[in-house]
Amino acid sequence: MPELPEVEALRAFLDEHLVGKEIAHVLPVAISVLKTYDPPLSALDGTRVDGVARHGKFLDIEAGGLRLLVHLARAGWLHWKDVLPSGPPRPGKGPLALRVALTGGDGFDLTEAGTTKRLAVHLVRDPAEVPGVARLGPDPLAEDFDLAAFTALLAGERRQIKGALRDQSLIAGIGNAYSDEILHAAKMSPFKPTQNLTEEETAALYTALRTTLTDAVERSHGLAAGRLKAEKKSGLRVHGRTGEPCPVCGDTIREVSFSDSSLQYCPTCQTGGKPLADRRLSKLLK
């Protein structure tokens, strides 16, 4: 799933390639992608793109006083085309979900792999009209997101720290991959209860959060949209690397599987050398 660093890189890419250009038309190809109907997508025809913003994992394209909000979900992506194919796209079983065509012949496609369709596009007058945006917590890369703000957010939380980091209403933009990376950098178990964090552990977690996200954004800066996925994967130290040696201590990276996701961690760095219980494996062994 694209998370804050990748979406921020896409925002910067679109800010360079899209702002100031005129939209010819926006064509939905998959019925499931469009979540709003008033105003219609045709209201964007002939408008000029004024800016591109980001809210958590949402892209926000402003044109003609309207806002086109895009959430790429787990398997969505944006593909920039210097020359779009001629003729309208044909609905079908392929990954193409929506096309934004510019009057200069360039534009971009939104695609979504797999059979589970969660990619979402909203056309609204105010980003706060989108429920997913309205409920977002603070952006962890904002200038005012300091240690005091982070500490205040965690105060009163009573759950595992992995889940807290992924909660978009608590902190915007962090998903499964970067929560693994942050916790590895902080040398903290993903199952550690937030209410048990000491002042020193909270400070270490905050530093790991800011450093991990900032480094990921800097690695992605200036890359073309098509190279961002490879850059993300190459920069991950533990997530998606089950069975590989930890780059810090050399221990084997372990995994805990859930029904629809998994987490990766290093026992030596994060759990005092003790493997965490894998609930799925435990069920298979019974």
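Keep in mind that the numbers below use all heavy atoms, side chains included, and drop hydrogens, waters and symmetry copies.
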Would you say the side chain of [Y] lies within less than 4.5 Å of the side chain of [X], judging by non-hydrogen atoms?
{"X": "E8", "Y": "S220", "result": "no"}
{"X": "L205", "Y": "M188", "result": "yes"}
{"X": "Y206", "Y": "L154", "result": "no"}
{"X": "L98", "Y": "L119", "result": "no"}
{"X": "V256", "Y": "P190", "result": "no"}
{"X": "V121", "Y": "L69", "result": "no"}

Pairwise distance [atom1]([X]) to [atom2]([Y]) - rounded to 0.5 angstrom:
{"X": "S189", "Y": "H184", "atom1": "OG", "atom2": "NE2", "answer": "12.5 Å"}
{"X": "W77", "Y": "D109", "atom1": "CH2", "atom2": "CG", "answer": "14.0 Å"}
{"X": "D251", "Y": "C269", "atom1": "CG", "atom2": "SG", "answer": "7.5 Å"}
{"X": "L96", "Y": "L27", "atom1": "CG", "atom2": "CG", "answer": "9.0 Å"}
{"X": "D60", "Y": "L68", "atom1": "CG", "atom2": "CG", "answer": "8.5 Å"}
{"X": "R210", "Y": "I182", "atom1": "CZ", "atom2": "CD1", "answer": "11.5 Å"}

R237 and D180: CA distance, side-chain angles, deciding distance, salt bridge (charged side-chain N to carboxylate O under 4.0 Å, His left out) verdict
CA-CA 9 Å; R237 309 181 86 183; D180 281 352; over 6 Å; no
Looking at [Y], is its backbone amide N or carbonyl O close enough to the side chain of [X] to form a donor-acceptor pair, meaning the two atoms are under 3.5 Å apart?
{"X": "S179", "Y": "N176", "value": "yes"}
{"X": "D146", "Y": "A149", "value": "yes"}
{"X": "T111", "Y": "P95", "value": "no"}
{"X": "Q270", "Y": "C266", "value": "yes"}
{"X": "K57", "Y": "R54", "value": "no"}
{"X": "E112", "Y": "R118", "value": "yes"}
{"X": "E129", "Y": "D126", "value": "yes"}
{"X": "R48", "Y": "G20", "value": "yes"}

Test side chain to side chain donor-acceptor pair (under 3.5 Å) on Y178 and E6 and set out the steps.
CA-CA 11 Å; Y178 285 105; E6 294 76 50; 2.6 Å; yes
If you compare all heavy atoms of [X] against all heavy atoms of [Y], which two are closest, and at what distance to 0.1 Å?
{"X": "A97", "Y": "V33", "answer": "O-CG1, 3.6 Å"}
{"X": "A177", "Y": "E3", "answer": "N-OE2, 2.9 Å"}
{"X": "T36", "Y": "L123", "answer": "OG1-N, 2.8 Å"}
{"X": "A208", "Y": "A185", "answer": "CB-CB, 3.8 Å"}
{"X": "V26", "Y": "I23", "answer": "CG2-CG2, 4.0 Å"}
{"X": "L213", "Y": "P5", "answer": "CD2-CG, 4.0 Å"}

In one Ile/Leu/Val/Met/Phe/Trp/Tyr side-chain cluster, 4.5 Å: [X], [Y]:
{"X": "I174", "Y": "L59", "value": "no"}
{"X": "L44", "Y": "F108", "value": "yes"}
{"X": "I161", "Y": "F145", "value": "yes"}
{"X": "V19", "Y": "L14", "value": "yes"}
{"X": "V49", "Y": "L66", "value": "yes"}

Run the side chain to side chain contact (heavy atoms under 4.5 Å, CB included) test on Y265 and L183 for me, step by step, so that the C-alpha distance in whole Å, both residues' side-chain angles and the decisive distance to 0.1 Å come before the verdict.
CA-CA 8 Å; Y265 69 99; L183 290 167; over 6 Å; no
Side-chain H-bond candidate by donor/acceptor type, [X] with [Y], under 3.5 Å:
{"X": "S262", "Y": "Q264", "answer": "yes"}
{"X": "T242", "Y": "E255", "answer": "yes"}
{"X": "H239", "Y": "E181", "answer": "no"}

Parallel under 30°, tilted from 30 to 60°, perpendicular over 60°: which one fits the rings of F13 and W80?
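Judged by the thresholds at 30° and 60°, the geometry between F13 and W80 is perpendicular.
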List the steps and the verdict of salt bridge (charged side-chain N to carboxylate O under 4.0 Å, His left out) for E201 and K192.
CA-CA 11 Å; E201 287 172 331; K192 187 175 184 65; 3.6 Å; yes
Set out, in order, the CA-CA distance, both residues' side-chain angles and the distance that settles side chain to side chain contact (heavy atoms under 4.5 Å, CB included) for L147 and T151, then state yes or no.
CA-CA 6 Å; L147 176 57; T151 302; 3.7 Å; yes
Run the salt-bridge test on R159 and D167 with the 4.0 Å N-O cut-off and return the result as yes or no.
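Judged by the 4.0 Å cut-off on N to carboxylate O distance, R159 and D167 do form a salt bridge.
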Would you call K21 and D106 a salt bridge, taking side-chain N to carboxylate O under 4.0 Å as the test?
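A salt bridge is present here (some side-chain N lies under 4.0 Å from a carboxylate O).
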Tell me if the CZ atom of R241 is crowded by more than 12 foreign heavy atoms within 6.0 Å.
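Yes, enclosed.
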Ring pair (Phe, Tyr, Trp, His ring centres under 6.0 Å) partners of residues 37-75, not counting sequence neighbours, each pair once:
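Passing the test, one end in residues 37-75: F58-H71.
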Please report the C-alpha distance between L72 and L10 in whole Å, then the side-chain angles of each, then the deciding distance to 0.1 Å, and finally whether the side chain to side chain contact (heavy atoms under 4.5 Å, CB included) criterion is met.
CA-CA 11 Å; L72 295 170; L10 286 174; 3.7 Å; yes
Give the C-alpha distance, both sets of side-chain angles, the deciding distance and a yes or no for side chain to side chain donor-acceptor pair (under 3.5 Å) between H25 and S42.
CA-CA 7 Å; H25 43 256; S42 59; over 6 Å; no
